[in-house]
A.B. asks: 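My structure is below; once you've seen it, I'll send some questions.
Quantities reported herein were computed from a predicted structural model and do not represent experimental measurements.
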Amino acid sequence: MGKFRSKLKKKPGNKRWARGHASTSNPETNKHRAKAKSRFFQANLSLAPPAADESGSASRLTLEAVLKHDAIQSYGKKGGDGGKEGGPTVNDIAASMKSFSMNDGDGDDGMTGSGGLGTFKTFQTFASNWSACSNMSFKKLLNNFRADSQLQKDMLAILAALTEVIKENGGSQSSTEYFLGLMETIEATKEESDTVAAVSLLSMGIKSVPEAVLRKKFSETAQTLLGLLERYAESDNQNMVRSIVGCLSVVLRAQEYSQWKLSSTLKFFDGILSFVIHTKPKIRKAAQHAVVAIIHGSCFMLPPKMGDEEKMDDGEQQAKPGVKCHPVGGRVARFCVGQFKPENIGNNQTLVLHTLGLLHNALPGFSKDDIKLVAESLLSIMTATNVLIRTNCFQTFHSLFSSKTENLTPTLAGKLIAALYDYRPDRSDSKQIIAWLTVLKEGHLFLAKSNLTMCSSALPRFVDVCTRDFWSSDRMEVVSSASNSLKDILYECVQACCEDDEVEKHRVPIERILTAITDVLSSAPFGHASNQVLIILAIAFDIAGKHFGPTLAPALKTLGNRYDPQSSSRIQIEHAVLQAVGSMDTGLVLQCIPLAEESGKIDLEKTWMLPLLREGLNASRLEIFNSVILKLAYQCYVLWNKFKETDNKQQAHVFELLCCQLWGLFPGFCRRPQDIQNFKLIAKTLGTVLNENPDLRSPILDGLKELIPHLESDADKAEVGKYAKNFLPRLFNIYTTKPKGSYENEVRQAAFDVIKTYLAITPAPILDELHKVALDQLTTKAPGTFIYDMLFDVVEQLSLYQSAEKLDDIYQRYITVILKRDKSQETVAKTNANVRRQMKKAFKLLREILASDHPGCVEFRNTRRGNVEKLLLGTLHSTFDGIQAPRLACLKLLIEKNPEIKTNNKLVTRTIPEAIASYNVEAVKQENLSNDLVEMIGTMFNIVQGIKGTLKSTIVIGNQYKKNITKCGGTSL
């Protein structure tokens, strides 16, 4: 057997670490470092002295030389012979750079210079040291300044000069001041470089200029910018044109509605519009963006600005703008339509595509008539053979529908949708089909939001095309696109039509839609699209099953016949059936997929339905459980016992599982059933099974827990409550029986939960009778035994519904003497272990009484409050460890239920130290009692900060004083 190599093959000549030098990181060869060092100061060699000789003398490349080098790089070209008049020299700049500090010490947060130059406090850059500008509009320049860019050097020089002038005149460096200064600079300068720099600065700062200023200076500003645009229209400086277009767009957006009626304003807009079909992409995109921004983002197109107080008072959604379409939209629409000439379609298709790129975002802002004009033109050019033109037309319609614009009327949208069916692509072109489907889907979604009736009328045709044509396509991307479109249509359109108040208006078209979907199962076999078909069918069941069950029944029956445990579509079929179970009538579901054969015997091949029924049943009928499920369960129970007697373990186990599964459907039938009045049909059977068959108790208890809390009307509560005399004694017996394992213990706890819920709807005479019987049994049991503790729990729950007189008797017999540990009484245990358990239950009983809102408990709390406070404060010394949680809960309830309590009350002054000392007790931490108690007291007396501070300082010593809790109980905070 050959050996495998343990190491990868190494390249010959590779270097290896010497022994003991594995941590060495610096390489022996530093070719790139040497190259970087040799070129770093290459441009400054003329300023540096000769390199040090071999004798070891120190290098004379000083900091001054380096600073002079940087100054030359920044201002060398402009300061050739001293620079401009009055400008700084290279030596001055170098000296200033030398004094410049880059430290982030304890001083200023920003950059400072000894020359007294201003600071841009949030940015530590080279450029901010040469400009005292603090306006945030120019932060991009100051933060990202590049010394190798001549344009940025010019921009920085102009910005520094403007800042200096503004400061000398006492200005505040506002955006308005910079705007006016830059406009004067643009008008006065004759150098092209200065003009480009000033316009670049203007494009940065004009967005923050107030609209009132832009309106005041509109005429001269727009005229200047238009002149620059004409001047640079044919130049190669694309950035200049883009900046001018952007500035002109901002100025135009700030103008009021009335200003757009003037021909001068339209002239400025036409200047931008002429560039939307420019051959250079950057200029064209900038112009298109400017036009779209004007149409959608002009000041009168945006929602009105409201103050914060108005927003808080109204609490409404953001107000809509008063103007729905821009007055210049018609001009843009006619311009775009003019580009769709036949000669352009045939010879200059690129121009058409550029125009469509503008319409893609601008069309939703047009008026109704303009949208109609453009839509007709788009439909006319879609007949061209160019695929790109058709695709872009689809994109334009998609953006129109998806924008949800109010300018598109439902009537026009319906006509557009109908017209688009004539432009359905060939089945072989999958990309065009997907685009077409997406556009029609968005069109129907738009109709659903604006006019649901028109939408429901148009939907059957679209669904029919998707199911009959595209689901049978051999292209999976087409099948997936059709399925996704149907999914959105069902959720956004059909679901709205299936609302209770809308369903009758749209019943006919919805039935046609569902029929088109369900017919696929019978007309076409399951194939490559089976998973998508089943998913859409599941959505249809979920949305329309409640109101259109008979229409969907054939599809459900087909699914039941085609179910195969070994099928690859098994999970999808089960999901679809589960949705049908949750929405359709249970009787109809069991007719489509019956659980029994015609002879009445259970059909073992249909038992896969049982888990789906258990999970999906909702708002069903108890009558079906009685007439169908119980009969099958009894049949399985008989067969189970029969095979068990004949020692046929396999068959016995099968029918045992089936019996348990059928009874497991009971909780599902109890989820908000429609016929509570039929509870009488199953009440006797439920009681019998609870008594005689422990294995079937769990689903019955789960069903009762599901049924009782959701009873809404008094009639329903009375219908179930009248059987309390039959159910509660059986539940008491289950709870008080000592369990033999974990399963029986879980059943006991479930029975106790049912007891608590059932008592809330039990008639008062039955409650009194049960309470008397339970007390009599409790007196006969020895304290500390299992049966005594369980009976005590039963008495506790029954006591919450008793009168104040009976509660006072319970308080004297089972709370006072136990908390005082009076062992001379018969009701008090004799050993400390049993007393501790009794005290815990007594505190729990007292807590339940204090927390209850039942009239008897409220009266007892009001009449016995002082006695209870005295009992709790007096029994602190006799309290066992481990029962602090129920005790603190009682103290919290006493304080919470007494709004007239004072700060210096003993109950308050003794509760806080006890809560703090018990902070680390596990049971207290689980219920967060200490925190809640202290914060509640602090909130009541408005001293929460002081109590929290005391809590933090006292928690540290809490453990130390835990053993001396009796001392803490007698002190105040």
A.B. asks: Using the test side chain to side chain donor-acceptor pair (under 3.5 Å), find all partners of Arg390 that sit at least two apart in sequence or belong to another chain.
C.D. replies: none
A.B. asks: Taking the side chain as everything from C-beta on, heavy atoms only, tell me whether Leu486 gets closer than 4.5 Å to Trp471.
C.D. replies: yes
A.B. asks: Is it the case that the side chain of Asn451 and the backbone of Leu447 share a donor-acceptor pair, with hydrogens and angles ignored and the cut-off at 3.5 Å?
C.D. replies: no
A.B. asks: Does the ring center of Tyr634 lie less than 6.0 Å from the ring center of Trp640?
C.D. replies: no
A.B. asks: Looking at every heavy atom in both Ile700 and Phe666, which two are closest together, and how far apart are they?
C.D. replies: O-CE2, 3.7 Å
A.B. asks: Looking at residues at least two apart in the chain, or sitting in another chain, which of them share a side-chain contact (heavy atoms from CB on, under 4.5 Å) with Ser430?
C.D. replies: Arg475, Glu477, Val478
A.B. asks: Once side chain to side chain donor-acceptor pair (under 3.5 Å) is applied, do any residues pair with Asn693, and if so which ones, sequence neighbours excluded?
C.D. replies: none
A.B. asks: Residues two or more places apart in sequence or in another chain: which of them pass salt bridge (charged side-chain N to carboxylate O under 4.0 Å, His left out) with Asp469?
C.D. replies: Arg424
A.B. asks: Could you walk me through whether Gln432 and Val387 pass the side chain to side chain contact (heavy atoms under 4.5 Å, CB included) check?
C.D. replies: CA-CA 8 Å; Gln432 288 284 305; Val387 177; 3.3 Å; yes
A.B. asks: Check the surroundings of atom CG in Leu388: do more than 12 heavy atoms from other residues, nucleotides or ligands lie under 6.0 Å from it?
C.D. replies: yes
A.B. asks: Tell me the closest heavy-atom pair linking Phe655 and Leu639, and the distance in Å.
C.D. replies: CE2-CD1, 3.3 Å
A.B. asks: On a heavy-atom basis, which atom in Lys717 and which in Glu712 lie closest, and how many Å separate them?
C.D. replies: CE-O, 4.1 Å
A.B. asks: Show the numbers, then the answer: is there a side chain to side chain contact (heavy atoms under 4.5 Å, CB included) between Leu704 and Cys670?
C.D. replies: CA-CA 7 Å; Leu704 292 175; Cys670 291; 6.0 Å; no
A.B. asks: Find out whether Leu452 and Cys497 are in side-chain contact, i.e. whether some heavy atom of one side chain is under 4.5 Å from a heavy atom of the other.
C.D. replies: yes
A.B. asks: Could you grab the distance from atom CE of Met790 to atom CG of Asp793, nearest 0.5 Å is fine?
C.D. replies: 5.0 Å
A.B. asks: Would you name the heavy atoms of Thr551 and Pro554 that are closest together and state the gap between them?
C.D. replies: O-CD, 3.4 Å
A.B. asks: For side chain to side chain contact (heavy atoms under 4.5 Å, CB included), just list the numbers for Thr438 and His398, CA-CA rounded to whole Å, side-chain angles, deciding distance to a tenth of an Å, and then say yes or no.
C.D. replies: CA-CA 7 Å; Thr438 307; His398 181 272; 3.5 Å; yes
A.B. asks: Short question: side chain of Asn678, backbone of Leu681 - any donor-acceptor pair under 3.5 Å?
C.D. replies: no
A.B. asks: Is a donor on one side and an acceptor on the other found under 3.5 Å between the side chain of Asn733 and the backbone of Pro729?
C.D. replies: yes
A.B. asks: Between Tyr423 (side chain) and Leu379 (backbone), is there a donor-acceptor pair under 3.5 Å?
C.D. replies: yes
A.B. asks: Does Ile434 reach the side chain of Leu437, with side-chain heavy atoms less than 4.5 Å apart?
C.D. replies: no
A.B. asks: If you apply the rule side chain to side chain contact (heavy atoms under 4.5 Å, CB included), what do you find for Lys684 with Tyr723, and how did you get there?
C.D. replies: CA-CA 9 Å; Lys684 182 178 180 180; Tyr723 297 100; over 6 Å; no
A.B. asks: Which atom names give the shortest non-hydrogen contact between Phe727 and Leu690, and what distance separates them?
C.D. replies: CD2-CD1, 4.0 Å
A.B. asks: List the atom pairs, donor and acceptor, that lie under 3.5 Å between side-chain atoms in residues 572-587 and the rest of the protein, sequence neighbours left out.
C.D. replies:
| unit_1 | atom_1 | unit_2 | atom_2 | d |
| --- | --- | --- | --- | --- |
| Glu574 | OE2 | Tyr563 | OH | 2.7 |
| Glu574 | OE2 | Arg570 | NH1 | 3.3 |
| Ser583 | OG | Phe541 | O | 2.6 |
| Ser583 | OG | Gln579 | O | 3.0 |
| Asp585 | OD1 | Arg621 | NH1 | 2.6 |
| Asp585 | OD2 | Gly587 | N | 3.1 |
| Asp585 | OD2 | Leu588 | N | 3.2 |
| Asp585 | OD2 | Arg621 | NH1 | 3.4 |
| Thr586 | OG1 | Ser620 | OG | 2.7 |

A.B. asks: Looking only at side chains, do Ser713 and Asp716 share a donor and an acceptor under 3.5 Å apart?
C.D. replies: yes
A.B. asks: Identify, with sequence neighbours excluded, every residue that meets side-chain contact (heavy atoms from CB on, under 4.5 Å) alongside Ile543.
C.D. replies: Leu490, Tyr491, Val494, Gln495, Cys498, Ile539
A.B. asks: Return each pair, listed once, that meets side-chain hydrogen bond (donor to acceptor under 3.5 Å, both in side chains) where at least one residue sits in residues 500-514; pairs must be two or more places apart or across chains.
C.D. replies: Ser456-His506, Asp500-His547, Glu502-His506, Glu504-Arg507
A.B. asks: For the atom pair NZ (Lys441) and SG (Cys466), what is the distance rounded to the nearest 0.5 Å?
C.D. replies: 10.5 Å
A.B. asks: State, with a plain yes or no, whether a side-chain heavy atom of Thr518 is found less than 4.5 Å away from one of Thr558.
C.D. replies: no
A.B. asks: Which pairs, with at least one residue in residues 656-668 and sequence neighbours excluded, count as a side-chain hydrogen bond (donor to acceptor under 3.5 Å, both in side chains)?
C.D. replies: none
A.B. asks: Could you tell me whether Lys722 and Glu719 make a salt bridge, using a distance below 4.0 angstrom between a side-chain N and a carboxylate O?
C.D. replies: yes
A.B. asks: Examine the side chains of Asp426 and Ser428 and answer whether a donor and an acceptor come within less than 3.5 Å of each other.
C.D. replies: yes
A.B. asks: When rounded to the nearest 0.5 angstrom, what is the spacing between OG1 in Thr607 and CG in Leu662?
C.D. replies: 9.5 Å
A.B. asks: State the CE-CG distance between Met382 and Asn392, to the nearest 0.5 angstrom.
C.D. replies: 10.5 Å
A.B. asks: Check whether any side-chain heavy atom of Ile593 sits under 4.5 Å from a side-chain heavy atom of Trp608, and report yes or no.
C.D. replies: yes
A.B. asks: Sequence neighbours left out, cut at 3.5 Å: what donor-acceptor pairs do the side chains of residues 594-606 make with other protein atoms?
C.D. replies:
| unit_1 | atom_1 | unit_2 | atom_2 | d |
| --- | --- | --- | --- | --- |
| Asp603 | OD1 | Glu605 | N | 3.1 |

A.B. asks: For the pair Arg671 (side chain) and Ala619 (backbone), establish whether a donor and an acceptor sit closer than 3.5 Å, ignoring hydrogens and angles.
C.D. replies: no
A.B. asks: For Pro667 and Asp702, which heavy atoms make the closest approach, and how far apart are they?
C.D. replies: CG-CB, 3.9 Å
A.B. asks: I'd like a table of donor-acceptor pairs (distance under 3.5 Å, sequence neighbours excluded) in which one partner is a side-chain atom from residues 744-751, with atom names and distances.
C.D. replies:
| unit_1 | atom_1 | unit_2 | atom_2 | d |
| --- | --- | --- | --- | --- |
| Glu744 | OE1 | Lys740 | N | 2.9 |
| Asn745 | OD1 | Arg748 | NH1 | 2.8 |
| Arg748 | NE | Tyr735 | O | 2.8 |
| Arg748 | NH2 | Tyr735 | O | 3.4 |

A.B. asks: Please answer whether the main-chain N or O of Gly687 pairs with a side-chain N or O of Arg730 as donor and acceptor at a distance below 3.5 Å.
C.D. replies: yes
A.B. asks: Using the salt bridge (charged side-chain N to carboxylate O under 4.0 Å, His left out) criterion, which residues pair with Asp474? Sequence neighbours excluded.
C.D. replies: none
A.B. asks: Measure the shortest side-chain to side-chain distance between Lys756 and Val754 over non-hydrogen atoms and say whether it is less than 4.5 angstrom.
C.D. replies: no
A.B. asks: Quick one: list whatever passes side-chain contact (heavy atoms from CB on, under 4.5 Å) with Pro673, sequence neighbours left out.
C.D. replies: Leu622, Asp675, Ile676, Leu707
A.B. asks: Taking the side chain as C-beta and beyond, is there a heavy-atom pair between Ser481 and Ile433 under 4.5 Å?
C.D. replies: no
A.B. asks: How long is the straight-line distance from CE of Met454 back to OG1 of Thr409, given to the nearest 0.5 Å?
C.D. replies: 8.0 Å
A.B. asks: Got a second to check how far Leu534's CG is from Ser569's OG, nearest 0.5 Å?
C.D. replies: 5.5 Å
A.B. asks: Quick one: are Phe401 and Leu445 in side-chain contact, heavy atoms under 4.5 Å?
C.D. replies: no
